[in-house]
Each structure stands twice: as structure tokens, then as C-alpha cells.
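Working notes, beginning with the structure itself.
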Amino acid sequence: MSSSASPYLVRVHDLIRRPGESRELELAFPAPARLGEALIAVEEGSTVEIEGRLDSIHEGVLVAARARATAVGECGRCLGPVKKTIDVDVTDLFAYPSEEEFDFHIHEEQIDLEELVRDAIVLALPFQPVCRFDCPGLDPETGARLEDHPELTPREALDPRWGALAGFQAESDEPSEGGAATR
Ligand SMILES: [Zn+2]
């Protein structure tokens, strides 16, 4: 017996067994738990907005909405802060219990958007977050943020293993396949 119901629960009693009926869906609440586990995540307490519509159809209630939240984390290159707006499509059918072939179901005249929204947001989180696409990262020798120390750039050999690769590229410099250009 939890004292407060999940904010992801939506009552749909007004849409049950009334195909053709529809109404707007608009929710905004603090995330009851962190969404994501990697370098970047939507923190607990951060606002989650869900906006769209609910349509009653023969098999259940169709949710067609967008979920929005702000993810924060660390740049994978320079460890600086990263902030990213996540805006994802959350569309799925919440079927009546008798409709077994669907993933989500209506329980006690309610639909629970948590799994649908959480999965969509987590999937949209960048795997390798960067503060900006051309973030120069850290100086390999001093660990200083190159952004703050322009005198340390340019510095090509970030990894000694690249030395051998660079030599290889120089040798095979003649025009080869050129796949990208001809496609
Ligand atoms: Zn960065």
C-alpha cells in the first residue's frame, strides 16, 4: 500500500469500451526515479512532460504522445557538464486484458505509462555524451581541458597506437574504392 500513486498512472475509465472517444493527455511531474544508468541520465526529481492524446479503439486505449525531459551528465571526452533535451515519441496500445497479444494492458481502468516512457527516454540517451560534437577533450599528457588551454593544441597523436595507423594511411594514399562519393 504505497501512500502515493505513481505519476505515470492515468485513469481511462471515461474511454473504456467507447471506441471513437478520445481526449488529450497532458502530464508533468517530477521523475520518481532516475531514468538511465550511464554517463547521462534524467535525474530523479527532474520534470517529465507527457503530451499527446488518448484514443479509445476496439482493442483498448491508444496512447499517441511525446515525452520530454532534460538529461544531465558528463562529457565523455572532457568530463565537463552535458545537458540534453530528450523529446521522444511514446505511442502504443494499452489493450483490454482479454487481448493477450499486446505488450501493455489496462488494469483497473488505468494505464501505466512508466515502462513505455522510461524505455523511450533511456533509448534516446546518447551512448557517448559530448558537451559539443567537436569537443577537443583532455590533453593526454597533463589531463588539462584543451578547451581551456588553446596553447596545447594542435596535438594529433592522442594515442601512440595511432602512429602506426597514420603510416599505413600514408602508404595507401592512392585513390581507392571511393565508396562514399559514388553511392
Ligand atoms: Zn567536452
Side-chain angles (χ1 to χ4, degrees), residues 4 6-10 24-53 63-92 103-104 112-183:
S4 58
S6 162
Y8 291 100
L9 283 175
V10 179
E24 288 184 0
L25 170 68
E26 203 173 335
L27 299 174
F29 53 84
R34 194 172 197 252
L35 302 166
E37 287 161 8
L39 283 174
I40 186 164
V42 174
E43 295 295 341
E44 180 181 340
S46 177
T47 302
V48 175
E49 289 176 88
I50 302 169
E51 211 178 314
R53 55 186 288 132
V63 176
R66 306 288 302 178
R68 274 178 225 103
T70 301
V72 293
E74 234 174 41
C75 173
R77 294 185 198 155
C78 74
L79 310 181
V82 176
K83 195 174 193 178
K84 189 169 161 52
T85 300
I86 306 293
D87 186 333
V88 286
D89 176 59
V90 284
T91 296
D92 217 317
D103 292 338
F104 301 108
D112 185 351
L113 298 173
E114 181 168 8
E115 189 181 339
L116 180 62
V117 169
R118 187 188 59 218
D119 288 355
I121 287 179
V122 170
L123 264 180
L125 295 172
F127 183 62
Q128 300 270 8
V130 285
C131 59
R132 50 167 226 257
F133 77 95
D134 59 349
C135 169
L138 301 176
D139 180 74
E141 286 171 20
T142 64
R145 293 182 69 202
L146 290 175
E147 179 130 271
D148 304 333
H149 298 274
E151 77 279 6
L152 291 173
T153 56
R155 186 182 290 270
E156 295 296 322
L158 290 173
D159 184 326
R161 284 170 296 179
W162 290 11
L165 184 62
F168 172 77
Q169 282 174 334
E171 276 171 38
S172 62
D173 210 12
E174 67 243 38
S176 52
E177 308 80 41
T182 53
R183 235 179 281 178

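Order of appearance sets the numbers: ligands from 1, and atoms from 1 within every ligand.
Between Ile40 and Pro126, the closest side-chain pair of non-hydrogen atoms falls below 4.5 Å.
Nearest approach of Leu125 to Gly36, heavy atoms of both residues: CD1-CA, 3.8 Å.
Residue-and-atom listing of protein N/O/S atoms under 2.8 Å from the Zn ion (ligand 1), sorted by chain and number: Cys75 SG, Cys78 SG, Cys131 SG, Cys135 SG.
Salt-bridge annotation for Glu43 and Arg34: present, with a side-chain N of the basic residue lying under 4.0 Å from a carboxylate O of the acidic one.
To the nearest 0.5 Å, atoms CD (Glu51) and CD (Glu24) are separated by 8.0 Å.
The backbone N or O of Asp87 lies less than 3.5 Å from a partner atom in the side chain of Arg66, making a donor-acceptor pair.
Among Val90, Leu9, Leu25, the single residue meeting the side-chain contact (heavy atoms from CB on, under 4.5 Å) criterion with Leu113 is Leu25.
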